[in-house]
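Within every chain, numbering begins at 1; the chains are lettered A, B, ... in the order of the sequence lines, protein sequences first and strands thereafter.
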Number of protein chains: 4
Amino acid sequence: MAVVEPERTTARRAPRADSIRNREAIIEAAAQVLAEQGSTVDVREIARRSGVGMGTLYRHFPKKEDLVQTVLRDDFTKWAASARQAAIDAEDPWAALTEFYQQALTGYGRHRAIMENFALTWAVPDIEGLGQLRLVIDELCARAGAAGLLRPGVTTDDLLLLLVSLGHAVQVTDECRPQMWNRLLRISLDGLRAGRHREPLPADAAPDTGRGVHHADPVRTSTRRR
Amino acid sequence: MAVVEPERTTARRAPRADSIRNREAIIEAAAQVLAEQGSTVDVREIARRSGVGMGTLYRHFPKKEDLVQTVLRDDFTKWAASARQAAIDAEDPWAALTEFYQQALTGYGRHRAIMENFALTWAVPDIEGLGQLRLVIDELCARAGAAGLLRPGVTTDDLLLLLVSLGHAVQVTDECRPQMWNRLLRISLDGLRAGRHREPLPADAAPDTGRGVHHADPVRTSTRRR
Amino acid sequence: MAVVEPERTTARRAPRADSIRNREAIIEAAAQVLAEQGSTVDVREIARRSGVGMGTLYRHFPKKEDLVQTVLRDDFTKWAASARQAAIDAEDPWAALTEFYQQALTGYGRHRAIMENFALTWAVPDIEGLGQLRLVIDELCARAGAAGLLRPGVTTDDLLLLLVSLGHAVQVTDECRPQMWNRLLRISLDGLRAGRHREPLPADAAPDTGRGVHHADPVRTSTRRR
Amino acid sequence: MAVVEPERTTARRAPRADSIRNREAIIEAAAQVLAEQGSTVDVREIARRSGVGMGTLYRHFPKKEDLVQTVLRDDFTKWAASARQAAIDAEDPWAALTEFYQQALTGYGRHRAIMENFALTWAVPDIEGLGQLRLVIDELCARAGAAGLLRPGVTTDDLLLLLVSLGHAVQVTDECRPQMWNRLLRISLDGLRAGRHREPLPADAAPDTGRGVHHADPVRTSTRRR
DNA sequence: CATGAATGAGGATTCATTCAT
DNA sequence: CATGAATGAATCCTCATTCAT
């Protein structure tokens, strides 16, 4: 009775091998499908591709949302890591910034669900896994700023929004004009760079047009029904 | 021939007056709803707001898509016109470009369906109504280019993609950080401007990182589109 | 133009003929199925029996619960009315009470959904349609009480609970021993009647056993999980 | 024969000790859960509370129903025993009857699964474990009848149905009006008692209304049971 | 023999589109 | 020709039961 039962202890973990395989198959399949089709996917498609039944899927992830969040957290993490690594490998702060965007967009710009959720950065307070990415950008921003390379007034939020924005460009041109977004990236980075003829970016400033909105707002989206 | 059967002609027109009124009510309502909620709206919501029955709606537009396209063609047209006007009113080619973006984004950046479909510019061959916008941009591009203000190598497609990209920024920050996109616009415009320290933009060039993609592409979105 | 269009007005109501037929078919089918199987029925069974598609059913009743409530309100109303009529037709207050129970149990005792919901009288504050029944019982209680026929201390709630209780007896014996519940009814009514050797029913009194619970409560239902 | 293969016997017993412990844990947990939530509980909840896996549970009880029946047989037995004891402890036949109901309802009236299955007394031929309870009631009925205390014509079935009926009353009022059922019990017992002004209860008699059913049966539950 | 993961049919609900009035 | 009711495939999720480890 006092005898330990090592094989039972082992036996306790044995069934998990299967389970973990399945869990991973599900996440793998879900990641694929979410990348391809965004968060609106049919749960059954994920089950089919991962080779498990609906029940198995729902055992691991009680709500579709749970699965989506899990996958996205993972992918946000991978994303942040790979983009950060690219930045670290760079020679100077500006190259770091460049490499960061380059890698971030090349690697995950085509991931529909990631981009969908990334777009919610400002609408939804705490998107799972987004934090890490923000930290990386923070870092880059500080580094480039300290080196005097970044146009004064540029914030982490600006860099985030640029990433969201360019991520969308990637999605949009993916099928027919892959890499076209790279041109936009170069343009934006040039616009971000500090320079003699570049005045600082004022807080929440519009371009110095001196004029306001020309016409009455034709899009009345503020009157949300329901 | 046109006057042979006057009463039949009259008979034909009487219902058409109604019909036209209905058609316009539908389009008006659809435009509103599409702007607010994007193309995923329930057709019933459109019918409800326009005050016509589903049958009438489907008589005018046999598929939801037909209605959406019709509305978007109209809105693309209005969009192009208003943005073009802003450009025309500007004093110089560069101000024209600035005003164009300013107006385009302020006016329709929040129009969800427009932005959704605008994003399809490269994926779908001929989006209804998009042509005019492209013409306007073409014009602006040529003008600014001729004045030597635009960085060499920048194409109409670049400017279009920038608009798509910034449009997305507008959508994404609309609720919580309105106007934040303006900072991105300024940055991008600065990056677009010709300048001493600005080399020409090479055809489909990536930023001069000298390196390719760091990791294998983790997002395999090319397989199985529905 | 100023001419009224009476046929259009008529035309507006025409489509409803179908709709009303369907609505009634749905309610009829639902009433049947709910009576037979209780509130857990498959919605598709109701759709099938009423000969309409799922969409039609859900157009009329957006939630299953709505349909159930509608049917139950109707049936509670019919129930109260028929039982009340039986009471009214009776010669004296006591016969009224007797007839009331008789009719109530004969008519709807076998209605599973009604009895299920009736059972919730104390658990759920305001069951749709239950009010009328309570009013009828109130009336009967007062009448019989005023006539000195009802054992003092008996309340409307007692009579309600008796009805719930006997309703269950009907359900339980329906298949194999129909009418057996009648014996219980007679017993209960006799126990309800005022009489020389019948002391008043004290408020919330247990039978005068003089003793409490004999054993510790073997049913620990109070520790509800979740 | 029993001693031919002692080590095999031992080998057989070792696992069985475990097995028995498990079986009892399952039954214990099931009893609790069934009492709380009735027979519709999720089997997993039982497995969880008993601390065994689903496989073990299903090894002991191949169908959910088997487990339920086993538990209920036990609980019916305990129920019968405790109620019988209360009756035995009573001073006279009438007190015995009173105490029996009192104890039966106080002890198990809130046991949802018991009451659910008890309700099947007439629908299902041989409910496991119900027999003992019937025997106890038989006894009480005979005793009270012999003492001339029970209204003539009252049968064991009547007393059983009364118990079912009052059991339902307990369930129905448990949360909001505990003990309210006691009033109904007193009423019923008074109605059961023999007395001057109490005529015998005729076999399967309806109350002496002299009339039949007033309306056509509005509840047609006889068709189509699944 | 215990474990708990896997299975998949079944149930409520939505919405583009068709059709009777 | 307008109306809005009808249709039913598609979608998320649950739970009794089986099976690999």
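B:I46 has its CD1 atom 16 Å from the C1' atom of F:dG4, to the nearest Å. E:dT17 atom P lies 17 Å from atom NE2 of B:H60, rounded to whole Å. At whole-Å resolution of the value, CD in C:E45 and P in E:dA9 are 20 Å apart. If you measure from atom CD1 of D:I26 to atom C1' of E:dC1, you get 12 Å, rounded to the nearest angstrom. In this structure, the CZ atom of D:R23 is 12 Å from the P atom of E:dA2, given to the nearest Å. Atom CG of D:L67 and atom P of F:dA16 are 12 Å apart (whole Å). What separates CZ of C:F61 from P of E:dT14 is a distance of 15 Å, to the nearest Å. Summarising the geometry, the separation between CG on B:L57 and P on F:dT3 is reported as 10 Å, rounded to the nearest angstrom.
In DNA chain E, consecutive stretches of 3 or more Watson-Crick or G-U wobble pairs with both distances under 3.5 Å are given as paired ranges: E:2-21 with F:2-21.
Picking from E:dA12, F:dA16, F:dT7 the nucleotide with the shortest atom distance to the side chain of C:K64 gives E:dA12. For D:R44, taking side-chain heavy atoms from C-beta onward, the closest of the listed nucleotides E:dA12, F:dT3, F:dT17 is F:dT17. In this structure, the nucleotide among E:dT18, E:dT21, E:dA2 sitting nearest to the side chain of C:D18 is E:dT21. For C:M54, counting side-chain heavy atoms from C-beta on, the closest listed nucleotide (F:dA9, F:dC12, F:dT21) is F:dA9. Across E:dT13, E:dT7, E:dT18, the shortest atom-to-atom separation from the side chain of C:Y58 is found for E:dT13. When the nucleotides E:dG10, F:dT21, E:dT3 are ranked by their closest atom to the side chain of D:V52, E:dT3 comes out on top. Nearest nucleotide to the side chain of B:K63, out of E:dT18, E:dT7, F:dT7: E:dT18. Considering only the side chain of C:V43, E:dA12 comes nearest among F:dA10, E:dA2, E:dA12.
Both A:G55 and B:G55 lie close to DNA chain F; mapped to their nearest nucleotides by heavy-atom distance, the more 5′-ward contact belongs to B:G55. Comparing A:T56 and C:R21, the nucleotide of DNA chain E nearest to each residue sits closer to the 5' end for A:T56. For the pair D:P62 and A:P62, both in contact range of DNA chain F, the more 5′-proximal nearest nucleotide belongs to A:P62.
The backbone N or O of B:K63 lies less than 3.5 Å from a partner atom in the side chain of B:D66, making a donor-acceptor pair.
Note on B:R59: only backbone sugar-phosphate atoms sit closer than 4.0 angstrom, heavy atoms only; bases stay farther off.
In this structure, B:R59 has no side-chain contact (heavy atoms from CB on, under 4.5 Å) partners at least two apart in sequence or on a different chain. Scored by the side chain to side chain donor-acceptor pair (under 3.5 Å) test, D:S39 finds D:E116 as partners (sequence neighbours excluded). Partners of C:R21 under the salt bridge (Lys or Arg N to Asp or Glu O under 4.0 Å) rule, at least two apart in sequence or in another chain, are C:D18. The ring pair (Phe, Tyr, Trp, His ring centres under 6.0 Å) check on A:F76 picks up A:W79, with sequence neighbours excluded. Taking B:R23 as the reference, nothing meets the side chain to side chain donor-acceptor pair (under 3.5 Å) condition, with sequence neighbours excluded.
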> After noting the C-alpha distance and the side-chain angles of A:E128 and A:L72, does the key distance pass the side-chain contact (heavy atoms from CB on, under 4.5 Å) rule?
Replying inline: CA-CA 7 Å; A:E128 289 244 41; A:L72 290 185; over 6 Å; no
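When every heavy atom of D:H60 is checked against every heavy atom of D:N22, the shortest pair comes out as NE2-CB, 4.0 Å.
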